A.B. asks: 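Here it is: the structure, laid out below.
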Amino acid sequence: MNYKRRKQLTIRTPEGVEFSFLLAGPVSRCLALTIDFFVKIVIMNVAATISNIFKIISIDFSASFLIISYFIVSICYSITLEWCWQGQTLGKRLFRLRVIDAQGLRLHFSQVVIRNLLHVIDMLPVFYLVGGLSCILSNKAQRLGDLAANTIVIYVPKIEQPELDQLLKGKYNSLRRYPHLCSRLRQNVSPDEAEIAMQAIIRRDDFDPSERIKLFEEIAQYFKTKVIFPDEDIENVSDEQYVRNVVDILFSSTQREWAESKVQV
Amino acid sequence: MIIDVKNFIAQEQKYWDELDQLLNEFESEPVGIGNLGKLKRLHYLYQRASADLARIMSFSSERLLKENLESLVSRAYGEIHETRPVINILSFFQKFFLDVPIVFQKYQINFVLSCLIFISGSIFGGLAVSLDPGAKEVLMPFYQLQQSPQERVAWEEKRTTDPLQGHKDTFSSFLWVHNTQVAIMIIAFGITWGIGTVLMVFYNGIILGAVAIDYFNAGQVKFLLGWLLPHGVIEIPAFLIAGQVGLIFGNAMIGWGDTTSLQQRLRRISGDMMVLSLTVALMLSWAGFVEAFISQYHWPVISYNVKIGFGILELIVLISFLYQGVSSSNELQKKKTTNN
């Protein structure tokens, strides 16, 4: 999964529990910024239309309204949306980004204001060069505004369960005859290892036939060392089928039921 | 260690749902719910979810469940471990005018420093124009200031038409926007350990010093005062306060004599920076209005004495506001500190 390669911010609570946030990279932030830029242009066009209506009353007032509107929109757009949408603007929402406090605490209004006021520095000298460089060099991917306001921008991944029903439906899983070994397998396998097995199954048709055989052989050998199932149940099972059975045990039982129960709630 | 994940989920699901609902309540009412029972329950549910997360970590192929629990624990962590007072926007604006003098006086030393930098710039600008009149073209980037003071005064006093007729609102808005942008730059440059702020305040001082000495040497002091005082007594302090904010920011970046981390220092000043920045914006909007509607009209339209008197009155009001109730402000501040 590509987001696994992103920078992460891990927070350890006093209770000893760790949770992590995926930090947003400069490219996704730049794209969100571009969307916001176009949204601002649309709002400014609306302001220009309203300003034209005011020309009936006074041309002076109309021009004044336009100048102030442009300024207010450029400053207040991000401040208002980030405060009202808990750290998101329209662009950020589209790219699943969110501004949060750098220590995982609640985002304060003053933080929102300061990070947006410092846009003027991050924009220097052209095309957000200072902000972009700061974002690349900082270990928390912070632009100067984030550094000053003590905020970070995180990527909120969409957790999509693969269509396991489609992949595993109708296949007999001989490993399920040993519930105690299945439980042990679930305990011994790390999330990254489980992810590799699942991705291999999902993408199996994309591999060259010879590479596919090699890959599943390696993965199957690895999982066979995790928990040893009786020989009579695995000797006639192909490597790919073995990996498929492992994925079935790891993902399809409790997770599917749990996800279904969440939908019902 | 969890043996039966299905049973574990069935057992704990109701607590996670309850925590989710409670967090929604807390998040939708950011001022905080003054119900001790609910707070205790939130704390209990947070600890329970934390323990569940720790248990599921050892059963880590349950990725969806883990992500969900992480999200719950992180939200609850944010609510429980936050020690800064929660600011409600409505109450912020209600308290704003009470807070300004307190915050301003709290960082008085930064304001004095900002004034000293500005005065140094003015002296430098004044000396530069006195010693080298050719420097005027470089130091004063506005056409209006390139004329000789005598020529300008004669032109202003003889004119019969209103040069701003039909443009006053536009001019006022332009001034506010331009000055606010400059003030934002002064504040934002605090991130350069205050160096950018110092340079910008110094440069603004140079312009004022050069203009002042130019008119003083030409014997046009009354015109100068009548022209600058009505808006300048608000505009210049606004830039000085912007300089004060930039210096507060720069000081937090450097952290002299402060053993706390940069994050903590910046966290401590963020609320105060916001109050003073908003004050600057408000002051500049008033200054822009006065500059467009009063400052640009000279004798015989408005007497110089009236304009100077108006400027002095504004200054008295501003000083009284910023230094109002020093003792009561201090008490309030002490109270605030004790509460925190």
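Labels below follow one simple rule: chain letters A, B, ... track the order of the sequence lines, proteins then strands, and each chain is numbered from 1. These numbers were taken from a predicted model, which means no experiment stands behind them.
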A.B. asks: Checking side-chain polar atoms at under 3.5 Å, does A/Gln111 have a donor or acceptor matched by the opposite partner on B/Arg267?
C.D. replies: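 On atom types as modelled, these side chains do not qualify, holding no pair under 3.5 Å.
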A.B. asks: Within the side chain of B/Asp169, is there an N or O that forms a donor-acceptor pair under 3.5 Å with the backbone of A/Ser64?
C.D. replies: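 Checked: no pair found.
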A.B. asks: Between A/Glu18 and B/Leu53, what is the shortest heavy-atom contact and its length?
C.D. replies: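 The answer is O-CD2, 3.9 Å.
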A.B. asks: Below 4.5 Å from any heavy atom of chain B, which atoms of A/Ile72 appear? Answer side chain, backbone, both or neither.
C.D. replies: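 The side chain, not the backbone.
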A.B. asks: Measure the spacing between OG of B/Ser173 and OH of A/Tyr70 and express it to the nearest 0.5 Å.
C.D. replies: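 One gets 13.5 Å once the value is rounded to the nearest 0.5 Å.
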A.B. asks: Apply the test side-chain contact (heavy atoms from CB on, under 4.5 Å) to residues A/Val17 and B/Tyr77: give CA-CA distance (whole Å), side-chain angles for both, the deciding distance (0.1 Å), then the verdict.
C.D. replies: CA-CA 10 Å; A/Val17 176; B/Tyr77 170 80; over 6 Å; no
A.B. asks: Pick one of side chain, backbone, both or neither for A/Phe71, based on which atoms fall under 4.5 Å of a heavy atom in chain B.
C.D. replies: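 For A/Phe71, the side chain is the part near chain B, not the backbone.
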A.B. asks: Might you work through the side-chain contact (heavy atoms from CB on, under 4.5 Å) test for B/Met273 and A/Ser110, ending with a clear yes or no?
C.D. replies: CA-CA 8 Å; B/Met273 276 177 70; A/Ser110 58; over 6 Å; no
A.B. asks: Report which part of A/Leu66 has an atom under 4.5 Å of a heavy atom belonging to chain B: side chain, backbone, both, or neither.
C.D. replies: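 The answer is neither part of A/Leu66.
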A.B. asks: How many angstroms lie between CD in B/Gln264 and CG in A/Asn150, if you round to the nearest 0.5 Å?
C.D. replies: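 Those atoms lie 9.0 Å apart.
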A.B. asks: What part of B/Ser277 gets within 4.5 angstrom of chain A, counting heavy atoms only: side chain, backbone, both, or neither?
C.D. replies: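 Contact with chain A is through the side chain of B/Ser277 alone.
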A.B. asks: Return the CD1 to CG distance between A/Ile114 and B/Leu266, rounded to the nearest 0.5 Å.
C.D. replies: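 Result: 8.0 Å between the selected atoms.
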A.B. asks: Going through the distances and angles, do A/Phe21 and B/Ser74 end up as a side-chain contact (heavy atoms from CB on, under 4.5 Å)?
C.D. replies: CA-CA 9 Å; A/Phe21 297 108; B/Ser74 67; 4.0 Å; yes
A.B. asks: Can you tell me if B/Thr170 uses its side chain to pair, donor with acceptor, with the backbone of A/Asp60 under 3.5 Å?
C.D. replies: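 Answer holds: yes.
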A.B. asks: Give, as side chain, backbone, both or neither, the part of A/Ile100 having an atom under 4.5 angstrom from any heavy atom of chain B.
C.D. replies: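 Contact with chain B involves no heavy atom of A/Ile100 at all.
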A.B. asks: Using the rule given for side-chain contact (heavy atoms from CB on, under 4.5 Å), can you reason through B/Leu69 versus A/Phe19, listing the C-alpha separation, both sets of side-chain angles and the distance that settles it, and then say yes or no?
C.D. replies: CA-CA 9 Å; B/Leu69 268 177; A/Phe19 54 88; over 6 Å; no
A.B. asks: Measure the spacing between CZ of A/Arg106 and NE2 of B/His81 and express it to the nearest 0.5 Å.
C.D. replies: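 One finds 12.5 Å between CZ of A/Arg106 and NE2 of B/His81.
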A.B. asks: Return yes when atom CG of B/Leu262 has more than 12 non-hydrogen atoms of other residues, nucleotides or ligands closer than 6.0 Å, and no otherwise.
C.D. replies: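 Yes, the 6.0 Å shell around CG holds more than 12 heavy atoms from other groups.
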A.B. asks: Would you mind checking which part of B/Phe249 comes under 4.5 Å of any heavy atom in chain A, side chain (CB onward), backbone (N, CA, C, O), both or neither?
C.D. replies: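 Contact with chain A is through the side chain of B/Phe249 alone.
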A.B. asks: Counting only heavy atoms closer than 4.5 Å, note whether A/Ser20 contacts chain B via side chain, backbone, both or neither.
C.D. replies: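 A/Ser20 touches chain B through backbone and side-chain heavy atoms alike.
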A.B. asks: Among residues 178-187 of chain B, which ones touch chain A with a heavy-atom distance under 4.5 Å?
C.D. replies: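 B/Thr180, B/Gln181, B/Ile184, B/Met185 fall under the 4.5 Å cut-off.
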A.B. asks: CG/A/Asp101 to CD/B/Gln263 distance, rounded to the nearest 0.5 angstrom?
C.D. replies: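 Interatomic distance, A/Asp101 CG to B/Gln263 CD, rounded to 0.5 Å: 8.0 Å.
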A.B. asks: Surrounding CZ of A/Arg93 (heavy atoms of other residues, nucleotides or ligands, distance under 6.0 Å), is the total greater than 12?
C.D. replies: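 Enclosed.
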A.B. asks: Please look at A/Gln103 and chain B and tell me whether the side chain, the backbone, both or neither of the residue comes under 4.5 angstrom of a heavy atom of that chain.
C.D. replies: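 Both backbone and side chain.
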